[in-house]
Amino acid sequence: MHLMLIRFLYRSVTEVSWRLLFKAAWLWCGKGLLALRAYKKRLKKDIQFPPFLFFSLTNACNLRCRGCWVTPPDLATTLPIESMENAIRAGQKESVYFYTLLGGEPFLAPTMWEIIERHPEAYYQIITNGQFLTLENVKRLKKLGNVSPLVSIDGLEAESDARRGVGTYAKSLEGCRELQQQKLLYGVATVVTGKNFETVVTEDYVRKFIDLGAMYLWFYVFRPVGPDPARELVVSPEKLLELRRRLLKLRRKMPIILIDTYWDAQGFAVCPASKGMSFVIGPGGSIDPCPPLTVARESVTDNGGDFHKTVNESGFLRRFRDFIRDKYDGDRSQGCVIIDHPKELAEFFRSENAEDRSGREFLHELETQPAHMSHYLPGEEVPEDYWVYRILKKTLFFGMGAYG
């Protein structure tokens, strides 16, 4: 067994509450495998229903991060608990028990606590900016046990505060320390940009969050969206390829799970939305294709609240997947159409008469956005070279193994 894996397992059993580890092992990993099996059976029957779901609980947020797709209005919208219940009931019939809670800032939605408490049989990942991880809230999360917070931090203090606001980095680290002291299973989400690249894709950066008790570090690549798209933060193709290579080296050395949602075990580019791996239920109940794409034709209340029927019969969601495949290498390799084909994406949404739920002129933003190159770099594929991650990507990693 490789030394890194031994060190990670040691960290897990000494730094995380055993009760929380057991819950994660069963509710997240165990049921995740069952969800994957059920999902693959549905694919063979041409049934469209994902193995996990996103709930965008609210469009309220205390921050104004550059390049964020959420536009907080004067009067916030919060996803009703009834809408979540509709989706969860439908999901349970298809062995779906994993839900990602995001916003805005999910801690600003009182329904966050209610839905977790109502469904202890499910597991939740909360994507949070970390500003509300007080001792009281962290203890409450620990008591629930079926939650893994994912704290957004985009570099060290200078880089993170430049994108998220002065003082946010220090406050997020305070939250990480509370999570560590209470022995919660948690992770850190870092958006890799053209400005912070040389800081965040390094051993020193990863080690910092190991020392703070994080058990996984999730790397995202910056997408220029929202009212302040901050296009100067876009990552160049050369740096994207370097990101891939550095991740492979870091995975062999650092006792922490390093997650990306961009490449499969063979190194081919991946778009989770093209696989129908998950959909997003927006604050107003819309069923969106993926988190940054706040456009929809259906709502969770359609068909008398029969969420399964609405998703399975959605021609819009099926054609969206076909649109992505047509722009790339079919099912073998796909990039991000937001970056690679923004104008064509806007044309597709207009042709579908999809409703813009962003609260601004999102389709106009796409039409006027210059195309960049995403992680789709044909001919430059770099396969996973560490057996641990080859197995994880085929069983549990992003997409619950659907790309393996």
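Counting from 1, the numbers follow the sequence of the chain as shown.
- At least one test fails for Arg223 against the ring of Trp69: distance under 6.0 Å to the centre or angle within 45° of the axis.
- Under a cut-off of 6.0 angstrom, the local environment of NZ in Lys343 is crowded, with over 12 non-hydrogen atoms contributed by other residues, nucleotides or ligands.
- By the 6.0 Å contact criterion, CZ on Arg231 is enclosed, its count of non-hydrogen atoms from other residues, nucleotides or ligands being greater than 12.
- The residues Asp211 and Lys208 are annotated as not salt-bridged, no charged nitrogen and carboxylate oxygen being separated by less than 4.0 angstrom.
- When ring centroids are compared, Trp28 and Phe98 come within the 6.0 Å threshold.
- Applying the side-chain contact (heavy atoms from CB on, under 4.5 Å) rule to Gln92 yields the partners Ile88, Tyr97, His119, Glu121; only residues at least two apart in sequence or on another chain are considered.
- A cation-pi arrangement, defined by a distance under 6.0 Å to the six-membered ring centre and an angle within 45 degrees of its axis, is present between Arg251 and Tyr389.
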Quick one, Asp204 with Thr202, criterion side-chain hydrogen bond (donor to acceptor under 3.5 Å, both in side chains). Give me CA distance, side-chain angles, the key distance, then yes/no.
CA-CA 5 Å; Asp204 288 344; Thr202 65; 5.5 Å; no
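- For Tyr328 and His341, the gap between ring centers is short of 6.0 Å.
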Could you go through the side-chain hydrogen bond (donor to acceptor under 3.5 Å, both in side chains) check for Arg350 and Asn353 one step at a time?
CA-CA 5 Å; Arg350 290 195 186 281; Asn353 294 315; over 6 Å; no
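- Relative orientation of the Tyr220 and Trp218 rings is parallel, given thresholds of 30° and 60° on the angle between their planes.
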Between Ser148 and Tyr216, does a side-chain hydrogen bond (donor to acceptor under 3.5 Å, both in side chains) hold up when you go through it step by step?
CA-CA 10 Å; Ser148 179; Tyr216 59 101; 2.7 Å; yes
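- Using a 4.0 Å cut-off between a side-chain N of Lys or Arg and a carboxylate O of Asp or Glu, Glu85 and Arg118 qualify as a salt bridge.
- Remark: Asp46 engages Arg318 in a side chain to side chain donor-acceptor pair (under 3.5 Å) (not counting sequence neighbours).
- Look at Lys309 and Glu298 and you find no salt bridge, because none of the NZ, NE, NH1 or NH2 atoms lies under 4.0 Å from a carboxylate O.
- The shortest non-hydrogen separation linking Ala296 to Asp288 is CB-OD1, 3.3 Å.
- Note on Arg319 versus Asp322: no salt bridge recorded, every NZ/NE/NH1/NH2 to OD/OE distance being 4.0 Å or above.
- Closest approach of Cys336 to Ser374, counting heavy atoms only: N-OG, 3.2 Å.
- Using a cutoff of 4.0 Å between basic side-chain nitrogens and carboxylate oxygens, Glu159 and Lys195 are not scored as salt-bridged.
- Under the 4.0 Å criterion applied to side-chain N and carboxylate O atoms, Arg89 and Asp306 are not assigned as salt-bridge partners.
- In this structure, Lys171 places its NZ atom where only 12 or fewer heavy-atom neighbours from other residues, nucleotides or ligands lie under 6.0 Å away.
- For Arg177, the side chain to side chain donor-acceptor pair (under 3.5 Å) test picks out no residue, with sequence neighbours left out.
- At a threshold of 4.0 Å, the pair Arg297-Asp302 does not count as salt-bridged, since none of the basic side-chain nitrogens sits closer than that to a carboxylate oxygen.
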Between Gln48 and Arg321, does the side-chain hydrogen bond (donor to acceptor under 3.5 Å, both in side chains) criterion hold? Intermediate values first, please.
CA-CA 11 Å; Gln48 179 175 246; Arg321 292 162 56 189; 3.2 Å; yes
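- Ring-plane geometry between Phe348 and Phe323 is classed as parallel, the angle between the planes falling under 30 degrees on a 0 to 90 degree scale with a further cut at 60.
- Exactly one residue among Lys239, Arg244, Arg246 makes a salt bridge (Lys or Arg N to Asp or Glu O under 4.0 Å) with Glu242. That residue is Arg246.
- Between Lys393 and Asp264 no salt bridge is recorded (no basic side-chain N to carboxylate O distance below 4.0 Å).
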